[in-house]
Number of protein chains: 2
Amino acid sequence: MKISLEETAKELSERNIRPSIQRVRILAYMKENLCHPTVEKIYNDLHPEIPSLSKTTVYNTLNLFLAAGLVRMLNIEENEIRYDIVMKTHGHFKCESCGEIFNFRINIDDFPADDLNGFTIKDRDVYFKGVCPKCRKEKVKEAE
Amino acid sequence: MKISLEETAKELSERNIRPSIQRVRILAYMKENLCHPTVEKIYNDLHPEIPSLSKTTVYNTLNLFLAAGLVRMLNIEENEIRYDIVMKTHGHFKCESCGEIFNFRINIDDFPADDLNGFTIKDRDVYFKGVCPKCRKEKVKEAE
DNA sequence: AAACAAATTTGTAATCATTATAAATTAATA
DNA sequence: TATTAATTTATAATGATTACAAATTTGTTT
């Protein structure tokens, strides 16, 4: 999906975030690539198009978007932070074999968690891990 | 709760893990301290009792226990790995104010996740964040 | 439009948790 | 006791993230 840069800039302005080229491109990238990218991946993909881009800017921008509630941070794996455009709450499944992260619909907000009476819940993350169907099939083939 | 070191050693032996002093003490520590400690905390707490203890050993031992399924790894926060003795699946709530992590009962295994038909699910983690009751009360006081 | 001030970006260096490595120690076996 | 294997330890290396300060860009005022 191609995201309009003008629309994206407007969206930033509405949140009182000055729409610099870097910010607009990074936010548009996040909307086009719903693959939960790491800073590394965002940088590698955008650097050819924005040669001046620095990795520090990607870090700064993601932290800015995080504070503004535009993106969510995923801590599904210990050695890497991933980011996700904010949308209706959903779960994340990481395939241990290919590393891909899948979204799945789940009603996190309605979970009964009686032990948390009196707690203010601001964030709910559901992380599953295992093997995706594609990798499972490949494993069966290997075994033959 | 005081954990028997003999019992703990036996438990390791049964899993074919040689029960060195360090391993036994670390596992006993995990059972006594259900506070989801970091490697740092485990090291700081045990070092006075085992002066020779090295932080590397704590890392090695936790990774060993992890592979053996004795502990779980918590990636609730991006800059720290925490560990938890394995028990019935439960959720984890981290208070943004005091940093404490609370367990709460939740039937993760029964979640309907129809999008994951065909997926093999091995691990399920539920992380909530917000403010615990104690910190909420303190904030109200401050506001007065 | 020019000058100035503020915000943003950038590159480098610093930090910090974790892992790699290899020597030293401890335990197990012959 | 001698030999071998496993474990622990200290130090160095790695790698992701942040701190910092200079350079650049943008916005504002005259």
Side-chain angles (χ1 to χ4, degrees), chain A residues 5-6 8-10 12-13 15-29 36-68 70-83 99, chain B residues 5-6 8-10 12-13 15-29 36-68 70-83 99:
Chain A
L5 295 181
E6 294 78 43
T8 308
K10 215 169 75 184
L12 285 173
S13 294
R15 300 200 180 226
N16 295 317
I17 296 171
R18 199 182 288 178
S20 69
I21 302 124
Q22 291 87 343
R23 289 173 178 172
V24 173
R25 296 297 291 270
I26 291 172
L27 186 54
Y29 176 92
H36 321 87
T38 59
V39 163
E40 187 72 20
K41 180 163 172 52
I42 301 170
Y43 174 77
N44 287 337
D45 288 354
L46 286 179
H47 187 238
E49 303 170 32
I50 317 170
S52 83
L53 186 66
S54 138
K55 207 180 268 188
T56 305
T57 300
V58 182
Y59 275 106
N60 289 343
T61 305
L62 267 294
N63 282 336
L64 181 73
F65 289 174
L66 197 64
L70 287 166
V71 298
R72 280 179 71 80
M73 188 195 288
L74 302 191
N75 295 130
I76 196 166
E77 211 63 74
E78 77 271 18
N79 54 347
E80 58 181 22
I81 301 180
R82 291 170 173 276
Y83 294 91
Chain B
L5 296 180
E6 295 77 44
T8 308
K10 214 168 78 182
L12 285 173
S13 296
R15 300 201 179 224
N16 295 316
I17 296 171
R18 199 181 287 178
S20 69
I21 300 123
Q22 292 86 344
R23 289 172 178 172
V24 173
R25 296 297 291 270
I26 291 172
L27 185 54
Y29 177 92
H36 320 87
T38 59
V39 163
E40 188 72 18
K41 179 161 172 53
I42 300 170
Y43 174 75
N44 287 338
D45 288 354
L46 285 179
H47 188 239
E49 302 170 34
I50 317 172
S52 82
L53 186 68
S54 139
K55 207 180 266 188
T56 306
T57 300
V58 183
Y59 276 106
N60 289 343
T61 304
L62 267 292
N63 281 336
L64 181 73
F65 289 173
L66 196 63
L70 287 166
V71 298
R72 280 179 71 82
M73 188 195 287
L74 302 191
N75 295 129
I76 197 167
E77 212 62 72
E78 77 272 17
N79 54 348
E80 59 181 22
I81 301 181
R82 291 170 173 275
Y83 293 91

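Chain naming here is simple, since letters A, B, ... match the order of the sequence lines and numbering starts at 1 in each. Only this structure's heavy atoms are used, side chains among them; waters, hydrogens and symmetry mates stay out.
- The nearest whole Å value for the distance from the CE atom in Met73(A) to the P atom in dT17(D) is 9 Å.
- The side chain of Thr57(B) contributes an N or O atom lying less than 4.0 Å from OP1 or OP2 of dT9(D).
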What nitrogen or oxygen pairs link the protein and nucleotides 22-27 of chain D at under 3.5 Å?
none

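- The distance from atom CG of Asn63(A) to atom C1' of dA19(D) is 13 Å, rounded to the nearest whole Å.
- Leu46(A) CG to Ile21(A) CD1: the interatomic distance, rounded to the nearest 0.5 Å, is 13.0 Å.
- Within the structure, side-chain hydrogen bond (donor to acceptor under 3.5 Å, both in side chains) contacts touching residues 71-81 of chain B (residues at least two apart or in different chains) are Arg72(B)-Asp123(B), Arg72(B)-Asp125(B), Glu77(B)-Lys94(B), Glu80(B)-Arg82(B), Glu80(B)-Lys94(B).
- In this structure the side chain of Thr61(B) never reaches within 4.5 angstrom of the side chain of Ile42(B), judged on heavy atoms.
- Here the C1' atom of nucleotide dT17(D) and the CG atom of Leu64(A) are 17 Å apart, to the nearest Å.
- Contacts of Asn60(A) with the nucleic acid, taken as non-hydrogen atoms under 4.0 Å apart, include base atoms.
- Rounded to a whole Å, the CG atom of Asn75(B) is 16 Å from the P atom of dA16(D).
- Applying the salt bridge (charged side-chain N to carboxylate O under 4.0 Å, His left out) definition to pairs two or more places apart or across chains, those involving residues 54-64 of chain A are Glu40(A)-Lys55(A).
- The nearest pair of heavy atoms linking Pro19(B) to Ser13(B) is CG-OG, 3.5 Å.
- Contact detail for Leu12(B) and Leu70(B): the closest heavy-atom pair is CD2-CD1, 3.9 Å.
- The line from OH of Tyr83(A) to NE2 of His36(A) is 14.0 Å long, rounded to the nearest 0.5 Å.
- Of the listed nucleotides (dT9(D), dT7(D), dT10(C)), dT7(D) has the atom at the smallest distance from the side chain of Ser20(B).
- If you find the closest nucleotide of DNA chain C to Val39(B) and to Leu53(A), the one lying nearer the 5' end belongs to Leu53(A).
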Quiz item: Where do Tyr43(B) and Thr57(B) land on the side-chain contact (heavy atoms from CB on, under 4.5 Å) test, with the steps shown first?
Solution: CA-CA 9 Å; Tyr43(B) 174 75; Thr57(B) 300; over 6 Å; no

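- Nearest heavy atom pair, residue Ala28(A) against residue Thr8(A), reads N-CG2, 3.9 Å.
- Residue Gln22(B) has a polar side-chain atom (N or O) positioned under 4.0 Å from OP1 or OP2 of dT9(D).
- For residues 43-52 of chain B, proximity to DNA chain C is found at no residue, defined as any non-hydrogen atom under 4.0 angstrom from a strand atom.
- Listed by first then second residue, pairs satisfying side-chain hydrogen bond (donor to acceptor under 3.5 Å, both in side chains) with a partner in residues 15-29 of chain A read Arg25(A)-Glu49(A), Tyr29(A)-Asp45(A), not counting sequence neighbours.
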Give me, pair by pair, the N or O atoms of the protein and of nucleotides 12-17 of chain C that are less than 3.5 Å apart, along with how far apart they are.
unit_1, atom_1, unit_2, atom_2, d
dT12(C), O4, Thr56(A), OG1, 3.4

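- Counting only heavy atoms from C-beta outward, the side chains of Leu74(B) and Ile81(B) never approach each other to under 4.5 Å.
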